[in-house]
Amino acid sequence: MAHTYPKKQTLEKAKETFNLPLLQLVYQSQTVHRKYFKPNTVQISTLLSIKTGGCPENCSYCPQSAHYQTGLQSEPLITVQAVVEAASRAKSAGATRFCMGAAWRGPRDKALTQVCSMIGEVKKLGLETCVTLGLLNDSQAEKLKQAGLDFYNHNIDTAPEFYNKIITTRTFEDRVNTLESVRKSGIKVCCGGIIGLGETNDDRIKMLVFLANLEEPPESVPINRLIKIPGTPLENQDPVDPFDFVRTIALARIIMPNSYVRLSAGRESMSDELQALCFMAGANSIFYGEKLLTTENPIPEKDNRLFKRLGLEKL
Ligand code: SAM
Ligand code: DTB
Ligand code: SF4
């Protein structure tokens with residue numbers, strides 16, 4: 001399918017697009033969406049935290065960072081059996097991809113071997129697999145590839161210029177190096193960010209342009225809306241203007257037309273109408289299931305009702 005935009009996105013053009021009258025922007029993003037994807041379908045992923053809390057990193061938004069008192073109960077790496085049970089339930093509920101997240105700076109050898117067994121077992125159930133384990137080097141990415149991993153999630157989270165206001169225990173460049181290792185191994189890349197950290201619209205645009213200009217843009221782009229976690233430095237952040245959120249989704253769709261754009265964390269506090277606008281703007285994937293990693297997500301019955309009312313089909 002012909003690309004309506006040049007491969008390399010300029011910041012200037014992206015800003016112009018972002019600032020179009022909202023209805024024109026959404027019309028444009030829905031038009032792009034229909035050229036590249038089957039309309040009215042949404043890909044369904046389910047998340048599971050396989051190692052919870054006590055993370056040495058200081059990401060200011062995160063309930064799992066050991067730097068903040070969020071009241072979260074830490075849990076060590078769970079068993080392969082526990083993963084298989086959760087993945088079977090997710091499959092019965094209609095998920096096509098199972099994503100496992102660990103609160104690590106990066107995986108140690110022994111833990112990585114156990115995650116590889118989890119990947120093998122989840123694949124046997126006929127599900128696509130995704131893991132998010134923090135920083136990786138080339139050989140760790142290779143090991144995950146050998147285990148059959150389909151996707152690796154590793155977010156840049158925000159614009160390069162804003163990144164060190166949010167996290168200081170690792171750099172933006174560390175994140176990008178991991179993305180390169182994942183890409184080189186042949187695993188598909190899932191990479192996006194969070195809206196509502198105190199960044200400007202320009203920062204949001206810069207984050208998306210950075211992703212679109214990677215040698216190959218991520219196959220999957222999760223857009224999270226900050227869940228304000230008591231005890232973290234961002235617990236009292238100002239709310240995001242919902243229309244700016246929709247603009248962010250629309251721009252992601254337009255400049256990364258081949259990528260799945262996932263309406264990720266934060267749906268629990270979004271109205272049905274806002275979610276519908278996000279789908280209209282080109283979001284075509286969600287996390288499905290009552291829990292994200294450690295926080296609440298809409299219960300499946302609620303999502304099923306919404307999908308029915310909107311005439312959306314789960315893929
Ligand atoms: N520790 C790994 C890492 O950071 O790469 C994997 C798990 S981490 C929880 C995955 C992503 O969840 C983060 O990059 C961030 O985008 C998102 N996230 C974490 N806390 C969030 C919050 N309070 N609101 C919205 N998104 C959040
Ligand atoms: C992503 O971008 N969002 C997901 C997934 N990738 C791993 C995680 C959202 C986490 C929200 C906070 C929590 O539940 O702990
Ligand atoms: Fe750790 Fe990931 Fe949370 Fe950062 S986002 S504190 S790396 S679990």
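One-based numbering, in listed order, for ligands and for the atoms of each. Everything numeric here is computed off the predicted structure, so don't read it as measured data.
Checked by distance only, ligand 2 and F287 stay at 3.5 Å or farther apart across all their nitrogen or oxygen atoms. Here's the thing with T295: one of its N/O atoms is less than 3.5 angstrom from an N/O atom of ligand 2. Considering backbone and side-chain N/O of T294, one or more are found under 3.5 Å from N/O of ligand 2. Among the atoms of N153, some N or O lies under 3.5 angstrom from an N or O of ligand 2.
For ligand 2, the atoms lying closer than 4.0 Å to a non-hydrogen atom of N155 are 1 (C), 2 (O). For ligand 2 and P63, the ligand atoms under 4.0 Å from any heavy atom of the residue are 15 (O). Less than 4.0 angstrom separates some heavy atom of P222 from each of these atoms of ligand 2: 2 (O). The contact set between ligand 3 and Y61, taken as ligand atoms under 4.0 Å from a residue heavy atom, comprises 5 (S). Here is the list of ligand 3 atoms found below 4.0 Å of a heavy atom in R170: 4 (Fe), 7 (S). Distances below 4.0 Å separate heavy atoms of T132 from the following atoms of ligand 2: 7 (C).
No side-chain donor-acceptor contact under 3.5 Å links T46 to the backbone of A90. Although no hydrogens or angles enter the test, the distance criterion places no donor-acceptor pair under 3.5 Å between the side chain of N155 and the main chain of C191. Using a distance-only test at 3.5 Å, with no hydrogens or angles considered, a donor-acceptor pair links the side chain of T96 to the main chain of I44. Judged purely by atom type and a 3.5 angstrom limit, S185 uses its side chain to pair as donor or acceptor with the backbone of I187. In terms of modelled atom types and a separation under 3.5 Å, the side chain of Q43 and the main chain of S285 share no donor-acceptor contact. A donor-acceptor pair is defined here as one N or O able to donate and one able to accept, closer than 3.5 Å; such a pair exists between the side chain of N224 and the backbone of G193. A donor-acceptor contact shorter than 3.5 Å is absent between the side chain of T158 and the backbone of Y163. Under a 3.5 Å cut-off, the side chain of T168 and the backbone N or O of N164 do not form any donor-acceptor pair.
Contacts of H154 with ligand 3, taken as heavy-atom pairs under 4.0 Å, are absent altogether.
Protein atoms that are N, O or S and lie under 2.8 Å from atom 1 (Fe) of ligand 3 are these: C55 SG.
Neither side chain, R253 nor S29, offers a donor N or O lying under 3.5 Å from an acceptor on the other.
The pair E180-R183 does not count as a salt bridge, with every side-chain nitrogen at least 4.0 angstrom from each carboxylate oxygen.
Across V182, T178, L133, V189, a single residue satisfies side chain to side chain contact (heavy atoms under 4.5 Å, CB included) together with H154, and that is T178.
More than 12 heavy atoms of other residues, nucleotides or ligands shown are found within 6.0 angstrom of CZ on R105. Counting heavy-atom neighbours within 6.0 Å of K291 NZ, excluding the residue itself, gives a total of 12 or less. Atom CD of E268 sits in a crowded spot, with more than 12 heavy atoms from other residues, nucleotides or ligands closer than 6.0 Å.
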Check the pair E128 / R97 against salt bridge (charged side-chain N to carboxylate O under 4.0 Å, His left out), numbers first and verdict last. CA-CA 4 Å; E128 287 184 315; R97 190 178 307 161; 3.1 Å; yes
Could you list each nitrogen or oxygen of ligand 1 that sits under 3.5 Å from a protein nitrogen or oxygen, with the atom names and the distance?
{"unit_1": "ligand 1", "atom_1": "1 (N)", "unit_2": "A102", "atom_2": "O", "d": "3.3"}
{"unit_1": "ligand 1", "atom_1": "5 (O)", "unit_2": "R175", "atom_2": "NH1", "d": "3.2"}
{"unit_1": "ligand 1", "atom_1": "5 (O)", "unit_2": "R175", "atom_2": "NH2", "d": "3.2"}
{"unit_1": "ligand 1", "atom_1": "14 (O)", "unit_2": "N155", "atom_2": "ND2", "d": "3.2"}
{"unit_1": "ligand 1", "atom_1": "14 (O)", "unit_2": "D157", "atom_2": "OD1", "d": "3.3"}
{"unit_1": "ligand 1", "atom_1": "14 (O)", "unit_2": "D157", "atom_2": "OD2", "d": "3.4"}
{"unit_1": "ligand 1", "atom_1": "16 (O)", "unit_2": "N155", "atom_2": "ND2", "d": "3.0"}
{"unit_1": "ligand 1", "atom_1": "16 (O)", "unit_2": "D157", "atom_2": "OD1", "d": "2.7"}
{"unit_1": "ligand 1", "atom_1": "23 (N)", "unit_2": "Y61", "atom_2": "O", "d": "3.0"}
{"unit_1": "ligand 1", "atom_1": "23 (N)", "unit_2": "I227", "atom_2": "O", "d": "3.0"}
{"unit_1": "ligand 1", "atom_1": "24 (N)", "unit_2": "I227", "atom_2": "N", "d": "3.0"}

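Of the candidates I194, L47, N224, it is N224 that places a heavy atom closest to atom 3 (N) of ligand 2.
For Y260 and F151, the ring centers sit 6.0 Å or farther from each other.
The single protein non-hydrogen atom nearest to atom 10 (C) of ligand 2 is L293 CD1, 4.1 Å, given as residue, atom name and distance.
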